[in-house]
Amino acid sequence: MKARVLSGVQPTGNLHIGNYLGALKNWVKIQYDYESIFCIVDLHAITAYQKPEELRSNIHQLAALFIASGIDPKHSSILAQSSVPGHSELAWMFTCVTPLGWLERMTQFKAKSEGQEIIGDGILQYPVLMAADILLYQAKIVPVGDDQRQHLELTRDIAQRFNSLYGETFVIPETKLPLVGARVMGLDDPTAKMSKSATGAGHAIALLDDPSAIRKKIMRATTDSNPTVNFGNAGPGVVNLLSIHQAFTEWTDGQMRTHFEGMRYGDLKKTVAEAVVEGLAPIQAKYKEITADPGYVPSILKEGAARVSPIAQETVELTKKRMGLYSLA
Ligand code: AQP
């Protein structure tokens, strides 16, 4: 039997090239080597207020983008997290075995709660729900971007703590980061991670941006005061542009150096922009095709949830049994 892979994305806005290079592109590459499950994590999305009708439409858009990016729904299960109740059930059981201090130490919790007058409990519990997403399916491999590394370590800690308290129950998952593109930075501020929730118009390239918007954003990207590319002394903005190019083209380090060393920044940006336009064109064309049939995506989400539900149910029943909870089964 193939090992399981699981990963997810929040339906919180426009999917950007950080999400694509950090997560989706990697999923597409490895999907056939595993039994693959890809979740639209809508329960995570509501840790911040979402307009209900927007959330629903974002879920459909995201599922279409998964498929357009190359996830094969015949092989890989695509589902909305909230359509399988086991995610929430397991999350509560894990909440009860997770020390508060572990959650308060999470850098994403600190960043998201900083300066907030009211801190929703969901922001604190976010990584517990993420642990439940992964462990519910006994996933061995979790392909994510670098920002999720700490949450994955917590997932392992929760699994190990549960196993030591109640006996071997959960597979301990491994984090799988891409070699290039694990942390794509904002084009307007290369010291901050590219993020869906950032508001700057030149911050992120959305997967559905048209070629002229892509070119404009890259031509305006922050670089530094040097005139040309110097691999030995490149600032974060230039490093970011180079790694975006390398992640899209999959050029080797040697090819990158030969092509770009000494190139003027204007030409570097033009070359990067064309690589991004070219990389996104097939995704955008496929997206158009998929969304032409409004019934297609809902049918995929239904099929995905139905396919994984027995696995989820089995884990929930086992966990309840281990903990001594009441079961009708
Ligand atoms: N900038 C990034 N570079 C590489 N990978 C990234 N990921 C996110 N940003 C980058 C990876 O994308 C996957 C899905 O992320 P998510 O939507 O679930 O949550 P996030 O990490 O919080 O992403 P955003 O874009 O920053 O969303 P908001 O602004 O809504 O919080 C994950 O595998 C993540 O590592």
Side-chain angles (χ1 to χ4, degrees), residues 7 9 13-29 65-66 68-70 143-149 176-224 226-284 287:
S7 199
V9 179
N14 289 330
L15 205 70
H16 53 70
I17 57 168
N19 302 125
Y20 175 65
L21 299 175
L24 263 89
K25 193 165 185 280
N26 214 5
W27 302 358
V28 171
K29 253 190 198 158
L65 279 171
F66 281 10
S69 299
V144 285
D146 182 66
D147 61 325
Q148 295 301 328
R149 194 201 292 256
K176 192 171 174 68
L177 299 180
L179 294 175
V180 187
R183 182 172 279 265
V184 177
M185 309 307 279
L187 294 175
D188 56 348
D189 175 8
T191 63
K193 178 187 90 117
M194 187 177 281
S195 169
K196 290 189 230 94
S197 50
T199 48
H203 172 80
I205 294 175
L207 292 202
L208 296 176
D209 274 351
D210 62 39
S212 74
I214 295 170
R215 290 187 183 109
K216 205 186 278 173
K217 287 178 188 178
I218 293 181
M219 293 314 287
R220 287 189 189 150
T222 302
T223 49
D224 51 48
N226 298 327
T228 59
V229 177
N230 173 354
F231 274 77
N233 183 29
V238 171
V239 169
N240 192 36
L241 289 172
L242 288 168
S243 54
I244 290 171
H245 184 280
Q246 188 173 18
F248 269 103
T249 58
E250 302 191 359
W251 283 8
T252 61
D253 291 350
Q255 282 174 300
M256 290 295 293
R257 203 173 264 268
T258 309
H259 192 82
F260 288 110
E261 182 72 42
M263 186 183 274
R264 299 190 69 79
Y265 286 167
D267 292 329
L268 162 72
K269 287 177 172 178
K270 276 186 201 150
T271 315
V272 175
E274 291 323 304
V276 176
V277 167
E278 206 175 292
L280 295 184
I283 297 174
Q284 297 179 349
Y287 179 83

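Numbers for residues simply follow the sequence, beginning at 1.
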Shortest non-hydrogen contact between [X] and [Y], atoms and distance:
| X | Y | result |
| --- | --- | --- |
| S69 | L207 | OG-CD1, 4.1 Å |
| N14 | K196 | O-CG, 3.4 Å |
| N26 | P143 | ND2-CB, 4.1 Å |
| T222 | D189 | OG1-N, 4.4 Å |

side-chain hydrogen bond (donor to acceptor under 3.5 Å, both in side chains) against D267, all qualifying residues, sequence neighbours excluded: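 In terms of side-chain hydrogen bond (donor to acceptor under 3.5 Å, both in side chains), with neighbours along the sequence ignored, D267 is linked to no residue.
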Please list, chain by chain and in numerical order, all residues satisfying side-chain hydrogen bond (donor to acceptor under 3.5 Å, both in side chains) with R149, sequence neighbours excluded.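 In terms of side-chain hydrogen bond (donor to acceptor under 3.5 Å, both in side chains), with neighbours along the sequence ignored, R149 is linked to D146.
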Could you please spell out the steps behind the side chain to side chain contact (heavy atoms under 4.5 Å, CB included) verdict for K176 and V144? CA-CA 6 Å; K176 192 171 174 68; V144 285; over 6 Å; no
What pairs with F248 under ring pair (Phe, Tyr, Trp, His ring centres under 6.0 Å), at least two apart in sequence or on another chain?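 F248 satisfies ring pair (Phe, Tyr, Trp, His ring centres under 6.0 Å) with Y20 only.
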Please identify each residue that fulfils ring pair (Phe, Tyr, Trp, His ring centres under 6.0 Å) with H16, with sequence neighbours left out.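 H16 satisfies ring pair (Phe, Tyr, Trp, His ring centres under 6.0 Å) with no residue once adjacent residues are dropped.
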Going by salt bridge (charged side-chain N to carboxylate O under 4.0 Å, His left out), name the residues that satisfy it together with [X], two or more places apart in sequence or in a different chain.
| X | result |
| --- | --- |
| K269 | none |
| K25 | E250 |
| D224 | none |

Taking I244 as the fixed residue, which of T249, I205, L187 is the one that meets the side-chain contact (heavy atoms from CB on, under 4.5 Å) rule?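 Exactly one candidate clears the test, L187.
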Using the side-chain contact (heavy atoms from CB on, under 4.5 Å) rule, pick out the option among V272, L280, I17 that qualifies with I214.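 Only one option passes, and that is L280.
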Hey, does the side chain of W27 reach the backbone of S7 with a donor-acceptor pair shorter than 3.5 angstrom?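 Looks like no, no N/O pair under 3.5 Å.
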Could you go through residues 234-243 and list every donor-acceptor pair under 3.5 Å that involves a side-chain atom there, pairing it with any protein atom two or more places apart or in another chain?
| residue | atom | partner | partner atom | Å |
| --- | --- | --- | --- | --- |
| N240 | OD1 | M185 | N | 3.0 |
| N240 | ND2 | M185 | O | 2.9 |
| S243 | OG | V239 | O | 3.1 |
| S243 | OG | N240 | O | 3.2 |

With sequence neighbours left out, write down each residue that passes side chain to side chain contact (heavy atoms under 4.5 Å, CB included) with [X], or none if nothing qualifies.
| X | value |
| --- | --- |
| T271 | H245, H259, F260, M263 |
| Q255 | W251, T252 |
| D253 | Q246 |

Near K270 NZ, under 6.0 Å, is it more than 12 heavy atoms from other residues, nucleotides or ligands?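 Atom NZ in K270 is not packed in, count stays at 12 or less.
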Sequence neighbours excluded, every pair satisfying salt bridge (charged side-chain N to carboxylate O under 4.0 Å, His left out) that has a member inside residues 197-215: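 Applying salt bridge (charged side-chain N to carboxylate O under 4.0 Å, His left out) to every pair that reaches into residues 197-215, excluding sequence neighbours, yields D209-K217, R215-E274.
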Any side-chain heavy atom of L65 sitting closer than 4.5 Å to one from L24?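 Side-chain contact under 4.5 Å: no.
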